[in-house]
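Position 1 is the first residue of the sequence; numbering continues from there.
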Amino acid sequence: MVDTTTIRPLRAAEVTEWQLGADVVIAGYGIAGVCAAIEAARAGAGVLVLERTGGWGGAAAMAGGHIYLGGGTALQQALGFEDSPENMEKFLLAAIGPGVDRARIADYCKGSVEHYNWLVEAGVPFREAFWGEPGWEPPHDEGLNFSGGENAAPFNTIATPAPRGHVPQMTDKRVGQRSGGYMLMKPLAETAESLGVRAEYDTRIRRLIVDDDDRVVGVLATRFGKQVAVRAERGVILATGSFAYHQQMVEQYAPRLIGRPAASIEEHDGIGIRLAQALGADLANMDATEVAFFGDPQMMARGILVNGRGQRYVPEDTYGGRIGQLTLIQQDNHAYLILDETGYEAALATVTATPFFRQPPKWAAETVAELETEMGLPEGALQSTVNTYNRHAAEGADPLLGKKPEWVRPLTGSLAAWDMRNFTGGFTLGGLRTDLDSRVLHVSGEPIAGLFAAGRCTTGICTGGYVSGASLGDGSFYGRRAGGSAAKN
C-alpha cells in the first residue's frame, strides 16, 4: 500500500499497477471540470473525471447561476444593452481589487462573447428577459441582470453601466439548493457524456504522481478505502474548488473568514492547491475573499446602512458582495440598517428570491434620537448622519456616497433599525497561479509539466473585489483553456 497520509508527489516508478487511465484526467466535476472535459474531448483526447462526491455538480450546481459575461453578448444585444470588451475591461479593472492581472482581464473580456456562444451551443438556456430590481438573483427565470454594482457608485461614473449577470433559465428555483447553477451544469454534463467523457464518482485524489523528470503523469486516489492509481498520458487538470473549508488554510491565509464559510461546499478543502504546492506551485491572492452580506437588497436600497459609529459607509444600492466586503474588512463587521415605515412597506411589497432575509427589526422608535439611544450609539451620531442624508435627499441627491436618485428619499416619521452585525460570510478567491493557458506555474515562473488547473483552486479574474458570476465565469472560461491545453500537451 502506498502512503496516503502525505501530500508529497509519488514517483511513477513506485506504482506497480495502474487501475485507471486516460489521456486527460480531471479532478473535480464542477463548472471548471465539466468545461475542461468538453474541450479536451472535442480536441480528440480520452477524458476521465474523478469526482469525490456521488455525482457531478459541485458548488456550481447549488449556485444562483450568474455567469459574468459581457462585451456585447447576444443576450445583451437582444435586450437593448450596449457593451464592449473595452467597457467591460474598464469596469473590472476598477471593481475587482488590488493586484489585478491586467493580461487576464483583457483576455477574459475579449473572449467573453465567444464564451457565451459556446455555452449556448453546449445547451445552456438563457431567456431573453431582464431583471432590473435589487436582489441576490432574479426570482424568476430572467436571463440578465446587474450582478456586480456596474450601475452603482462609483463604477457608474467609471464605465458605462451594462448588466453582465447571465443566468441560465430555470423555474421553481430553490435558493442555495437548486437554482440557475443547476441549469448551467446539467446541459454541460450531458454534453460531456455525449462526447464520451467518463466519470468515476466517490473517488478522492490523494497525491500527484510524477515521473523522474517531475512531469505529472497521474494521480493516486482512494475509492471506498481502496487505492486507485490513475495514469494521465497528456495531463492532469485540477478543478477541485477553493479552500474555504480547510480551517488551517483559512487561518493562515484568509483569517477574516474564520467561522463564516458561505457559498461553497465542504468538499472545498484546498486539496488541489496543497497537492500542487507540494510540487512547488506558486500561489496568488490567498488573502482575497468574496463576502456576502445577508440582507435584503430591496430593504437596503430604501434605507441607510451605518457602522458602529452611526456613520454611512457604502451606497446602499450597490452589489451585495461589495457591501459585505466593506462591512467585514473596513467596519469590523458592524452594520445596522435604518428604514422608515414607508420604505419598509415598499420593500416588503416587492418580489424577492430571498424572502428569508426579510426579518422584523430589532429596534423601533418615533424619532431618530430615541432610536439612537435604543441602539446604544453615541449621542448625536445617528442624528447627524440622518440629518445630513435627509438634507441632500430632499433634493434627490446623495453627494456623500452616490446612491442613485431613484432610491434617495428623506427618512421621516417613525423608524426602525436592524442589527446586522456579523451578517457576513464568504469564500476564498486565491489559489494556484496559472498562465492564460491554465498551466500551473512553479514558483520559478515556469509551467509545471503535465499540470493544469482552473476554477476556485486557482486565482481567477478577481484579486480582491468580486462580481457575482466571476467564479462560474472564469471557472468555465479557463476550464475550457485547461482542457484544450492538456489535450494538446
Side-chain angles (χ1 to χ4, degrees), residues 95 97 134-136 148-149 152-154 254-263 289-340 343-344 347-348 352 354-365 368 370-390 393 398 400-404 407-409 411 415-427 464-468:
W136 276 49
R256 287 186 292 257
L257 280 189
I258 292 174
R260 50 174 36 88
T289 57
E290 157 64 342
V291 185
F293 190 72
F294 303 130
D296 179 58
Q298 292 280 6
M299 292 171 61
M300 290 188 290
R302 290 172 167 82
I304 60 172
L305 280 167
V306 300
N307 59 21
R309 298 176 297 278
Q311 303 164 326
R312 291 178 68 220
Y313 60 94
V314 63
E316 295 84 0
D317 60 344
T318 193
Y319 165 57
R322 179 167 171 78
I323 293 175
Q325 286 185 321
L326 293 181
T327 300
L328 176 63
I329 298 170
Q330 297 185 8
Q331 307 301 331
D332 297 323
N333 224 2
H334 285 188
Y336 304 93
L337 173 63
I338 313 297
L339 269 172
D340 62 13
Y344 185 37
L348 293 182
T352 177
T354 53
F356 38 82
F357 287 147
R358 295 182 172 178
Q359 301 296 324
K362 183 171 183 177
W363 303 283
V368 179
E370 292 173 1
L371 185 64
E372 181 181 75
T373 300
E374 289 289 325
M375 296 171 64
L377 294 174
E379 183 178 355
L382 185 61
Q383 294 179 68
S384 175
T385 294
V386 174
N387 287 338
T388 300
Y389 180 78
N390 282 352
D398 177 24
L400 184 66
L401 293 171
K403 184 159 70 169
K404 294 188 294 297
W407 303 114
V408 175
R409 183 185 58 78
L411 301 175
L415 299 102
W418 283 256
D419 186 352
M420 306 189 78
R421 289 173 293 184
N422 300 310
F423 273 38
T424 55
F427 54 88
Y466 192 75
V467 293
S468 272

- Note on the structure: Sorted by chain and residue number, the side-chain hydrogen bond (donor to acceptor under 3.5 Å, both in side chains) partners of R256 (sequence neighbours excluded) come out as none
- Task: Kindly state each residue pair satisfying salt bridge (charged side-chain N to carboxylate O under 4.0 Å, His left out) with at least one member in residues 298-307, sequence neighbours excluded.
- Result: none
- For the atom pair CD1 (I304) and OH (Y336), what is the distance rounded to the nearest 0.5 Å? 13.5 Å
- Task: For R322, enumerate each residue passing the side-chain hydrogen bond (donor to acceptor under 3.5 Å, both in side chains) test, keeping only those at least two apart in sequence or located in another chain.
- Result: none
- Would you please name every residue forming a side-chain hydrogen bond (donor to acceptor under 3.5 Å, both in side chains) with T327, sequence neighbours left out? Y313
- Residues which pass ring pair (Phe, Tyr, Trp, His ring centres under 6.0 Å) with Y344, listed by chain and number, not counting sequence neighbours: W418
- Task: Give the minimum heavy-atom separation between Q325 and V291, together with the two atoms involved.
- Result: N-CB, 3.7 Å
- Hey, could you give me the CG/CZ distance between D296 and R358, rounded to the nearest 0.5 Å? 4.0 Å
- Between D317 and A152, the two heavy atoms sitting closest are O-CB, 4.1 Å
- Task: Could you pull out the closest heavy-atom pair between G402 and A153, with the gap in Å?
- Result: O-CB, 3.4 Å
- Message: Holding to side-chain hydrogen bond (donor to acceptor under 3.5 Å, both in side chains), I want the full list of residues that pass it with T289, two or more places apart in sequence or in another chain.
- Response: none
- Query: If you look at every heavy atom in E316 and I323, which pair is closest and at what distance?
  - Reply: O-CD1, 4.0 Å
- Evaluate whether atom CG of D332 has more than 12 neighbouring non-hydrogen atoms of other residues, nucleotides or ligands under 6.0 angstrom away. no
- Are any side-chain N or O atoms of N390 and backbone N or O atoms of L411, one a donor and one an acceptor, separated by less than 3.5 Å? yes
- Item | Pairing residues for R309 by the side chain to side chain contact (heavy atoms under 4.5 Å, CB included) criterion, not counting sequence neighbours | N307, Q311, Q331
- Note on the structure: All heavy atoms of Y389 vs all of K403, minimum pair found to be OH-NZ, 3.0 Å
- Between the CG atom in L415 and the CH2 atom in W363, the distance rounded to the nearest 0.5 Å is 14.0 Å
Acceptor/donor pairs from residues 377-386 side chains to any protein atom, 3.5 angstrom cut, sequence neighbours excluded:
unit_1	atom_1	unit_2	atom_2	d
Q383	NE2	E372	OE1	2.8
T385	OG1	G310	O	2.5
T385	OG1	A381	O	3.3

- Task: Mind checking ring pair (Phe, Tyr, Trp, His ring centres under 6.0 Å) for F293 and listing every partner two or more places apart, or none if nothing turns up?
- Result: none
- Note on the structure: Between the CH2 atom in W136 and the CZ atom in F294, the distance rounded to the nearest 0.5 Å is 5.0 Å
- Message: Test of understanding: with salt bridge (Lys or Arg N to Asp or Glu O under 4.0 Å), list the residues that count as partners of E290, not counting sequence neighbours.
- Response: none
- Task: Name all residues meeting the side chain to side chain contact (heavy atoms under 4.5 Å, CB included) criterion together with E370; count only those two or more places apart in sequence or in a different chain, and write none if there are none.
- Result: A365, E366, T367
- Query: Any side-chain heavy atom of W407 sitting closer than 4.5 Å to one from Q298?
  - Reply: yes
- Parallel under 30°, tilted from 30 to 60°, perpendicular over 60°: which one fits the rings of Y466 and F427? perpendicular
- Task: Any chance you could measure L328, atom CG, to R260, atom CZ, to the nearest 0.5 Å?
- Result: 6.0 Å
- Message: Let me confirm one number: the CG-CG distance from L371 to D340, rounded to the nearest 0.5 Å.
- Response: 11.5 Å
- Message: Taking salt bridge (Lys or Arg N to Asp or Glu O under 4.0 Å) as the definition, give me every residue that meets it alongside D419, ordered by chain and number, with sequence neighbours left out.
- Response: K362, R421
